[in-house]
Every structure is written in structure tokens, then in C-alpha cells.
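Since the structure comes first, as C-alpha cells, the remarks are kept for the end.
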Amino acid sequence: MTLLEQSLPSFIRNTQAELHQQGYIILPHIFSDQTCHQISENLAEVTQSKPGTRRLLAFEWCQELARSLKSHPLISPLLGPNPVINQCTYFEKSPNQNWLVALHQDVSIAVQPNAVTTQLGISQKEGLSFVQPPVEVLKRLLALRVHLDDCTKDNGPLKVVPGSHQQGRLTDPMIAKLRDHSGDMSCLVTTGGVLAMRPLLLHASSKMALPQHRRVLHFLCGPRQLPNGLVWHEAI
């Protein structure tokens, strides 16, 4: 049921319930074609040596986009009290940059290095320090994937295993068992739409079957305060 077919409070309640149950929700038409075009122009100024980057929040235009996501009337109710956006990753699939990603969960966050992160074990990516926090932290996170192109069945859409986020951290045998039992769903999102998903949701993507583009900005949202001395690398 679309927003036009029901009241805003009812739509939000249904969206929250679906996100809780399935671990993801597709919100179409969050950004206009004009906004997506402007984002594309901004991205053209970002030097790309790989099919993406984790450092987009360094740019003011990306920080403004993060703020607009947090304040959007359909998105803010999904984020919890006093949320922050702490990372933005850019993915671009194209005829020259075509890859697949195996089924997995996102279990690392970018934090400021300190004694606590050293104990947890730090990995470095693009100059950022990543750790794997307790599962209680991961359960409170929400990824917002802004689509700059139509994501179709032919250009490597994200595939998810609905409800798998409710199982916590999964071992490889558990991942295979859940996939075989529940199957996966392709997340087809039109330009300007947002896919909201829990990072613990099992997800994967295949290579593109057609020579198209699939560009996504992946924002990670969470609570402003982290436990056990952990501090976000950035907090917008």
C-alpha cells in the first residue's frame, strides 16, 4: 500500500513493522531526478581509482545529503532517537567495473582508534579504522542505500534473505542453511529511491547481465553514543 492510499502515521507504522520483520524496506521517490543528477555531478568531481569509496562524508554536499535523509518524514521514524550518520560508501557497477559479492552480513563500523578499538582488533580501509562491535550495537544500525540509477534484475541488484537479521551474527554454515531454507529476494529500486536495511540482514549481489550502470550511496546510521568507549569516526 502506497502513501497516497493511507495516512502518513499508518504508512509509517506499516513501514516500521515491515522493517522489523523483513529487515529491509524499499522507499521509492525519496529524491527527485534533479537531485540525483546533481549528486551525479558532485560524484564526477571525486577521483575514482576503484569502483567506489568509503570516504564521501568528507565532502560538504554529502554531509548535506545525510542531513536531508535524517530529517525526511518517511525515514526519520526508522532511525530511533538522536541518530547520526557515520559513514557514506559509494558503489558503482558499470561495464568496466562489474563484480559480484557473496552472501554476507555487514559487521564492521568505522571508529576513532583508541585503547578499546585496539583490544577489539582494528582493520584499516582507505585510512579509516574499522572494528567489529558487539552484536547489540549492530542490531541498532540501519543502512540507507540511495539509488542514482534504476536497479533492475539485469544490473546486479542487491539480493537479501528476508528476516535473517533476527538471527544475530551468523557463521558460514548458518548462512548457507538460512539461504537454502528461506531463499533470497532481489531489491529492485528506481532512481531516487532508498533501500533501508539492517546491516545484519544477509545480502549479496551478482554481476550485471547487461552493460548498464548501478550507482548507490550507502549511508550507515546509528545511535549517537556507542558503548564501551567506542567513538564514531564521523557523526553527522
Side-chain angles (χ1 to χ4, degrees), residues 3 8-31 35 39 53-91 105-112 114 116-117 120 128-148 158 160 164-166 168-169 187 189 192-201 203 216-236:
L3 179 57
L8 179 58
S10 176
F11 181 86
I12 290 173
R13 285 194 300 271
N14 291 337
T15 299
Q16 290 172 325
E18 185 172 351
L19 178 63
H20 174 73
Q21 180 179 6
Q22 301 293 329
Y24 75 102
I25 186 75
I26 295 174
L27 301 170
H29 313 304
I30 296 298
F31 294 108
T35 298
I39 295 171
T53 177
R54 296 176 175 85
R55 302 300 300 265
L56 278 189
L57 276 186
F59 297 91
E60 185 174 348
W61 63 265
C62 190
Q63 296 174 18
E64 289 301 317
L65 186 62
R67 295 185 183 98
S68 68
L69 277 170
K70 286 203 309 176
S71 62
H72 193 282
L74 298 184
I75 294 176
S76 60
L78 306 177
L79 301 181
N82 199 24
V84 296
I85 290 180
N86 45 76
Q87 190 184 353
C88 179
T89 302
Y90 175 54
F91 300 106
Q105 298 173 299
D106 293 338
V107 296
S108 297
I109 59 174
V111 295
Q112 297 180 20
N114 57 28
V116 175
T117 58
L120 289 175
L128 297 177
S129 298
F130 287 84
V131 298
Q132 295 187 7
V135 70
E136 289 75 18
V137 173
L138 297 173
K139 288 180 178 179
R140 299 178 65 189
L141 306 182
L142 185 68
L144 301 172
R145 294 171 59 90
V146 179
H147 285 254
L148 303 180
L158 200 73
V160 302
S164 54
H165 66 297
Q166 298 182 2
R169 291 281 296 271
C187 298
V189 189
V194 171
L195 168 65
M197 59 172 280
R198 297 297 182 190
L200 285 175
L201 184 74
H203 57 285
V216 175
L217 298 182
H218 181 111
F219 292 86
L220 184 62
C221 311
R224 183 169 296 275
Q225 299 296 327
L226 292 173
N228 305 327
L230 293 173
V231 180
W232 293 115
H233 174 75
E234 295 175 284
I236 302 300

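Please read these numbers as outputs of a predicted model, since none were measured by experiment.
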When rounded to the nearest 0.5 angstrom, what is the spacing between [atom1] in [X] and [atom2] in [Y]?
| X | Y | atom1 | atom2 | answer |
| --- | --- | --- | --- | --- |
| Arg54 | Leu128 | CZ | CG | 8.0 Å |
| Gln132 | Asp106 | CD | CG | 11.0 Å |
| Phe91 | Thr89 | CZ | OG1 | 5.0 Å |
| Leu201 | Tyr24 | CG | OH | 8.0 Å |
| Ile26 | Met197 | CD1 | CE | 11.5 Å |

Result block: side-chain N/O donor-acceptor pairs under 3.5 angstrom for residues 64-83, not counting sequence neighbours:
unit_1 : atom_1 : unit_2 : atom_2 : d
Glu64  : OE2    : Arg67  : NH1    : 2.8
Ser68  : OG     : Leu65  : O      : 2.7
Lys70  : NZ     : Pro83  : O      : 3.3
Lys70  : NZ     : Ile236 : O      : 3.0
Ser71  : OG     : Arg67  : O      : 3.1
Ser71  : OG     : Ser68  : O      : 3.3
His72  : ND1    : Leu74  : N      : 3.1
Ser76  : OG     : His72  : O      : 3.1
Asn82  : OD1    : Arg224 : NE     : 3.2

Heavy-atom pair with the smallest gap, counting every atom of [X] and [Y]:
| X | Y | value |
| --- | --- | --- |
| Lys139 | Leu200 | CG-CD1, 3.9 Å |
| Ala110 | Gln87 | CB-OE1, 4.2 Å |
| Val135 | Gly168 | CG2-CA, 4.2 Å |

Looking at [Y], is its backbone amide N or carbonyl O close enough to the side chain of [X] to form a donor-acceptor pair, meaning the two atoms are under 3.5 Å apart?
| X | Y | answer |
| --- | --- | --- |
| Gln16 | Phe11 | no |
| Arg198 | Leu141 | yes |
| Gln166 | Gln21 | yes |

Those residues that, when tested against [X], pass side chain to side chain contact (heavy atoms under 4.5 Å, CB included) (two or more places apart):
| X | answer |
| --- | --- |
| Glu18 | Gln22, Ile25 |
| Glu234 | Leu57 |
| Pro133 | Ile109, Val137, Leu138, Leu230 |

Qualifying salt bridge (Lys or Arg N to Asp or Glu O under 4.0 Å) pairs with a residue from residues 73-83, counting only residues at least two apart or across chains: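 Listed once each, the pairs would be none.
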Counting C-beta onward and ignoring hydrogens, is there a side-chain heavy-atom pair between [X] and [Y] closer than 4.5 Å?
| X | Y | result |
| --- | --- | --- |
| Val160 | Cys187 | yes |
| Phe219 | Val146 | yes |
| Leu19 | Leu142 | yes |
| Pro223 | Gln225 | no |
| Pro28 | Val189 | no |
| Trp61 | Ile39 | yes |
| Leu226 | Trp232 | yes |
| Leu144 | Cys221 | yes |

Kindly write out the residues that satisfy side-chain hydrogen bond (donor to acceptor under 3.5 Å, both in side chains) with [X], not counting sequence neighbours, or none if the list is empty.
| X | result |
| --- | --- |
| His233 | none |
| Ser129 | Gln124 |
| Ser108 | none |
| His165 | none |

Listed partners of Arg169 passing salt bridge (charged side-chain N to carboxylate O under 4.0 Å, His left out), at least two apart: none
Applying salt bridge (charged side-chain N to carboxylate O under 4.0 Å, His left out), name anything that partners Arg55, two or more places apart in sequence or on another chain. none
Would you check, one step at a time, whether the test side-chain contact (heavy atoms from CB on, under 4.5 Å) holds for Leu195 with Leu158? CA-CA 10 Å; Leu195 168 65; Leu158 200 73; 3.7 Å; yes
